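Computed over heavy atoms, backbone and side chain alike; hydrogens, waters and symmetry mates excluded. Both counts, for ligands and for their atoms, begin at 1 and track the order of listing. Please read all numbers here as calculations on a predicted model, not as lab measurements.
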Amino acid sequence: MAKTVIVSKAKKTFFQGGEETYVLRGVDFSADSGELVMIVGPSGSGKTTLLSVIAGTLRCDSGSINIFGETLSNLPEDKVTAFRCSSVGFIFQQFHLIPTLTCAENVSIPLLLNGWKRKPALEQAKAMLAEVGLAEKINFPPKKLSGGQQQRVAIARALVHNPKLIICDEPTSALDADTGSKIMEMIRAHAKASDRTVIVVTHDSRIFRFADRMVEMSDGQISQMVSHV
Ligand SMILES: Nc1ncnc2c1ncn2[C@@H]1O[C@H](COP(=O)(O)OP(=O)(O)OP(=O)(O)O)[C@@H](O)[C@H]1O
Ligand SMILES: [Mg+2]
């Protein structure tokens with residue numbers, strides 16, 4: 001298996017109100033193609049921050065992030081953005097759906113950013129929404145959907161362009177056990193079928209069984225491997 005994600009000695013400090021918070025304290029982490037890795041750990045331990053530096057939405061202060069052979073810190077901002085558009089699907093902890101667009105329009109965004117024409121992009125988005133069980137909601141704005149339905153729209157948007165790296169921040173937090181399992185099965189099947197890399201941050205022990213490997217983050221470091229349940 002090829003190593004597709006290599007994080008080496010990553011450090012990140014936030015400054016706020018004159019105080020420094022050392023959020024990543026020299027994180028070493030890697031993931032392979034075809035692998036689903038779960039990251040668990042207490043609230044505030046730096047999990048979302050780590051996902052953000054891997055996705056290139058946040059730069060770390062030192063250390064290196066290498067994704068598919070590219071070292072993100074060596075790339076200019078526009079190249080990082082282009083890499084993210086083509087190769088990363090990100091399911092945000094807070095969903096980040098655009099309220100003025102329909103669900104299908106939200107899901108079509110990654111395709112439009114990758115040069116698809118509007119009509120085929122919308123058709124593909126509708127097919128993806130049907131896969132997550134939301135065929136009935138394609139023309140609804142997100143605010144007319146329940147939390148769990150909005151989360152499924154966010155999942156559809158992350159997968160629609162078949163990215164090589166899928167990053168999920170608490171992907172099942174708003175879902176009931178049955179829907180959460182179905183969604184994880186879908187993400188896992190999707191990843192295995194085309195050798196994608198999936199990194200999932202979760203507190204949800206109901207989905208631990210979908211992991212190939214689990215690591216624990218605490219106090220800004222990947223502190224230990226925990227056995228997979
Ligand atoms: N933009 C920011 N500015 C200042 N501090 C930040 C910022 N983003 C995160 N932090 C701080 O960094 C620490 C880690 O935050 P992070 O969101 O990575 O934690 P987390 O492990 O994802 O937590 P949770 O499980 O609650 O989502 C927290 O103390 C948080 O307050
Ligand atoms: Mg978080």
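Scanning the protein for heavy atoms near atom 1 (N) of ligand 1, the closest one is F14 CE2, 3.7 Å. Looking at atom 16 (P) of ligand 1, its nearest protein heavy atom turns out to be T49 OG1, 3.7 Å. In this structure, the protein non-hydrogen atom closest to atom 27 (O) of ligand 1 is Q93 NE2, 3.0 Å. For atom 23 (O) of ligand 1, the closest non-hydrogen atom of the protein is G44 N, 2.8 Å. Looking from atom 26 (O) of ligand 1 to the surrounding protein, the closest heavy atom is S43 OG, 2.5 Å. Among protein heavy atoms, atom 12 (O) of ligand 1 sits closest to V23 CG2, 3.1 Å. Looking from atom 17 (O) of ligand 1 to the surrounding protein, the closest heavy atom is T48 CB, 3.6 Å.
For atom 31 (O) of ligand 1, no protein non-hydrogen atom is found at a distance below 4.0 Å.
By the 4.0 Å N-to-carboxylate-O rule, R118 lies close enough to E105 to be salt-bridged with it. Here K11 does not pair with D61 in a salt bridge; the nearest charged N to carboxylate O distance is not below 4.0 Å. With respect to R188 and D212, a salt bridge is recorded, a charged nitrogen being found less than 4.0 Å from a carboxylate O.
Of the candidates K47, M217, Q16, K47 brings a heavy atom nearest to atom 25 (O) of ligand 1.
Close approach of ligand 1 to H203 (heavy-atom distance below 4.0 Å) involves ligand atoms 25 (O). Listed by number with element, the atoms of ligand 1 under 4.0 angstrom from any heavy atom of P42 are 21 (O).
Not one N, O or S atom of S43 sits under 2.8 Å from the Mg ion (ligand 2). At a threshold of 2.8 Å, the Mg ion (ligand 2) has no backbone or side-chain N, O or S atom of T49 nearer than that distance.
The two residues G46 and L24 have their closest heavy-atom pair at O-CD2, 3.7 Å. Here the closest non-hydrogen pair linking P141 and P99 is CB-O, 4.0 Å. Minimum heavy-atom separation, A55 to F83: O-CE2, 4.2 Å. In plain terms, the two heavy atoms of L72 and R59 that are nearest each other are O-NH1, 3.2 Å.
Panel note: side chain R84, backbone G56; a donor-acceptor pair is recorded below 3.5 Å.
F208 and F210 have their aromatic ring centers separated by at least 6.0 angstrom.
In terms of polar-atom proximity, defined here as any N/O pair under 3.5 Å, S45 does make such a contact with ligand 1. In terms of polar-atom proximity, G46 is counted as a contact of ligand 1, with an N or O under 3.5 Å from an N or O of the ligand.
With values rounded to the nearest 0.5 angstrom, F92 atom CZ is found 11.5 Å from C168 atom SG.
Contact of the L36 side chain with the V200 side chain is registered, since non-hydrogen atoms from C-beta on lie closer than 4.5 Å.
The shortest heavy-atom distance from G41 to ligand 1 is not under 4.0 Å.
Taking the Mg ion (ligand 2) as the apex, the angle formed with OG1 of T48 and OE1 of Q93 is 80°, to the nearest 10 degrees.
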